[in-house]
J.: 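One structure is given below, represented as structure tokens, and several questions about it will come after.
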Amino acid sequence: MNIFSYMENYDYEQLVFCQDANSGLKAIIAIHDTTLGPALGGTRMWTYASESEAIEDALRLARGMTYKAAGAGLNLGGGKAVIIGNPRTDKNPEMFRAFGRYIQGLNGRYITAEDVGTTVADMDLIHLETDYVTGVSPAFGSSGNPSPVTAYGVYRGMKAAAKEAFGTDDLSGKTIAVQGVGNVAYNLCRHLHEEGAHLIVTDINKDNVQRAIDDFGAKAVDPGDIYSQTCDIFSPCALGAIINDETIPQLTARVVAGAANNQLKEDRHGDILQERGIVYAPDYIINAGGLINVADELEGYNRDRAMKKVETIYGNIQAVIEISNRDGIPTYKAADRMCEERIARVQRSRSTFLRDGKHALSRIHHK
Ligand SMILES: NC(=O)C1=CN([C@@H]2O[C@H](COP(=O)(O)OP(=O)(O)OC[C@H]3O[C@@H](n4cnc5c(N)ncnc54)[C@H](O)[C@@H]3O)[C@@H](O)[C@H]2O)C=CC1
Ligand SMILES: CC(C)CC(=O)C(=O)O
């Protein structure tokens with residue numbers, strides 16, 4: 001991978017490598033764009049096959065966060081971190097403390113939170129070394145685990161996409177195939193079950209599958225069979241790049257709406273979904289609930305205010321669909337356009353010289 005060409009291509013600001021032999025920490029922090037504010041994005045811990053795979057993941061996810069914050073109307077930029085390692089076997093407290101010190105060294109340019117492989121307990125350890133961490137335990141006045149809030153936002157966004165496809169946002173009686181029933185999707189399934197939807201689930205973790213069967217009467221299928229299930233909605237809630245040349249021909253759903261980041265393997269797969277008449281709810285618009293929730297901490301966490309903001313995801317999905325229909329472009333392009341226009345507008349409105357510029361989040365509280 002030619003790192004500088006990649007960064008130049010998508011206009012990345014900064015890539016930080018963090019190493020601590022004492023704890024075994026090997027981490028990468030990617031900051032994509034801070035036009036709107038400090039870069040906020042979770043830390044993923046994963047067993048990457050190579051260092052370039054880890055770098056590419058951090059970069060791709062960071063760029064997604066720029067768009068996610070812009071689309072959600074937040075005054076935040078895009079960043080993400082990855083820790084190379086197995087989250088089940090390679091963690092130790094010193095690793096997260098060391099990582100916290102590297103974050104502190106960025107002096108607020110990057111703020112972290114949970115992602116796949118990291119937990120509230122990990123954020124508490126990071127918090128021992130830096131204030132630039134969210135999703136910390138509620139005991140510290142923070143918002144805790146963002147997953148249930150992300151799930152609620154996905155549920156609301158799914159309803160908005162269903163309205164476009166089926167003429168109603170009522171999900172009762174609809175069959176929904178869910179890929180991955182981890183932290184976010186378990187909570188999503190709860191909302192869907194309560195509304196009377198039929199659930200088909202898969203996961204590589206058998207315990208997670210069993211929990212969905214026991215709690216929601218879900219039907220379970222093997223991971224490779226989830227794409228071809230007869231269903232109304234396909235909900236990717238595991239990892240990225242699962243909308244691709246192999247999976248699209250298998251889909252029977254009229255809506256794709258899920259929590260996973262970077263669902264389209266390549267942009268052209270969003271074009272193919274559109275050609276097939278499948279309503280795609282762009283990932284970074286529909287899964288912004290967790291970000292909205294942790295971002296609220298920066299102003300002193302208020303759950304009611306955060307949940308009100310999460311409700312806007314329904315309208316944001318509708319706005320994207322409206323642009324898509326108006327301009328005759330796929331929804332992923334409509335979402336990009338909407339977010340890029342907001343960033344450009346804010347950049348223009350803040351272009352005049354100020355001796356001591358102030359940002360909406362310059363009051364970030366030091367706990
Ligand atoms: N947790 C949050 O608040 C947010 C999460 N996301 C994204 O949503 C997705 C899910 O996140 P979480 O629920 O937090 O993660 P998680 O790790 O709790 O759940 C993911 C689940 O997918 C399963 N899985 C992995 N590979 C699979 C495969 N090939 N087939 C079937 N199942 C597979 C895992 O076993 C796990 O149960 C991730 O892509 C994450 O980046 C996005 C926004 C916020
Ligand atoms: C809680 C969020 C900040 C997690 C994240 O990084 C994301 O939305 O992908």
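Keep in mind that the numbers below use all heavy atoms, side chains included, and drop hydrogens, waters and symmetry copies. Order of listing sets the numbers, starting from 1, for every ligand and every atom in it.
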J.: Can you tell if the side chain of Gln263 reaches within under 4.5 Å of the side chain of Asn287, non-hydrogen atoms only?
T.: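 No - every pair of side-chain heavy atoms lies 4.5 Å or more apart.
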J.: Counting non-hydrogen protein atoms only, what is the nearest one to atom 7 (C) of ligand 2? Give residue, atom name and distance.
T.: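 Checked against all protein heavy atoms, atom 7 (C) of ligand 2 sits closest to Lys68 NZ, 3.2 Å.
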J.: Applying a strict 4.0 Å limit to heavy atoms, is Arg44 in contact with ligand 2?
T.: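 Outside the 4.0 Å threshold, so no.
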J.: Tell me yes or no: between the side chains of Tyr284 and Asn262, is some donor less than 3.5 Å from an acceptor?
T.: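 Short answer, no.
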J.: A side-chain contact here means heavy atoms from C-beta on lying under 4.5 Å apart; do Leu273 and Leu251 qualify?
T.: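 Leu273 reaches Leu251 side chain to side chain.
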J.: Are Tyr227 and Phe234 close enough that their ring centres sit under 6.0 Å apart?
T.: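 Ring centres of Phe234 and Tyr227 closer than 6.0 Å.
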J.: Short list, please: which atoms of ligand 2 are under 4.0 Å from a heavy atom of Ala113?
T.: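 Reading through ligand 2 atom by atom, the close ones are 3 (C).
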J.: Any atoms of ligand 2 less than 4.0 Å from a non-hydrogen atom of Gly42? List them with their elements.
T.: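 Atoms satisfying the 4.0 Å criterion: 3 (C), 5 (C), 6 (O).
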J.: Go through the side-chain N and O atoms of Glu195 and Tyr155 and say whether any donor and acceptor fall under 3.5 Å apart.
T.: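 The answer is yes; a qualifying pair exists.
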J.: Is there a nitrogen or oxygen of Asn261 sitting under 3.5 Å from a nitrogen or oxygen of ligand 2?
T.: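 Yes.
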J.: With the side chain counted from C-beta on, respond yes when Ile176 and Met158 share a heavy-atom pair under 4.5 Å apart, and no when they do not.
T.: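 Yes, at least one pair of side-chain atoms sits under 4.5 Å.
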J.: Can you pull the residues with any heavy atom under 4.0 Å from ligand 1?
T.: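 Contacts of ligand 1 under 4.0 Å: Arg44, Lys68, Asp115, Val116, Pro146, Ser147, Thr150, Gly180, Gly182, Asn183, Val184, Asp203, Ile204, Asn205, Asn208, Cys237, Ala238, Ala259, Ala260, Asn261, Asn287.
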J.: Tell me, please, which residues at least two apart from Ala58 pass side-chain contact (heavy atoms from CB on, under 4.5 Å).
T.: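 side-chain contact (heavy atoms from CB on, under 4.5 Å) check on Ala58 returns Ile28, Ala30, Val82.
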J.: Distance to 0.1 Å, residue and atom name: give those for the protein heavy atom nearest to atom 5 (C) of ligand 2.
T.: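 Checked against all protein heavy atoms, atom 5 (C) of ligand 2 sits closest to Lys80 NZ, 3.3 Å.
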J.: Nearest protein heavy atom to atom 4 (C) of ligand 2, by residue and atom, and its distance?
T.: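 For this ligand atom, the closest protein heavy atom is Glu114 O, 3.3 Å.
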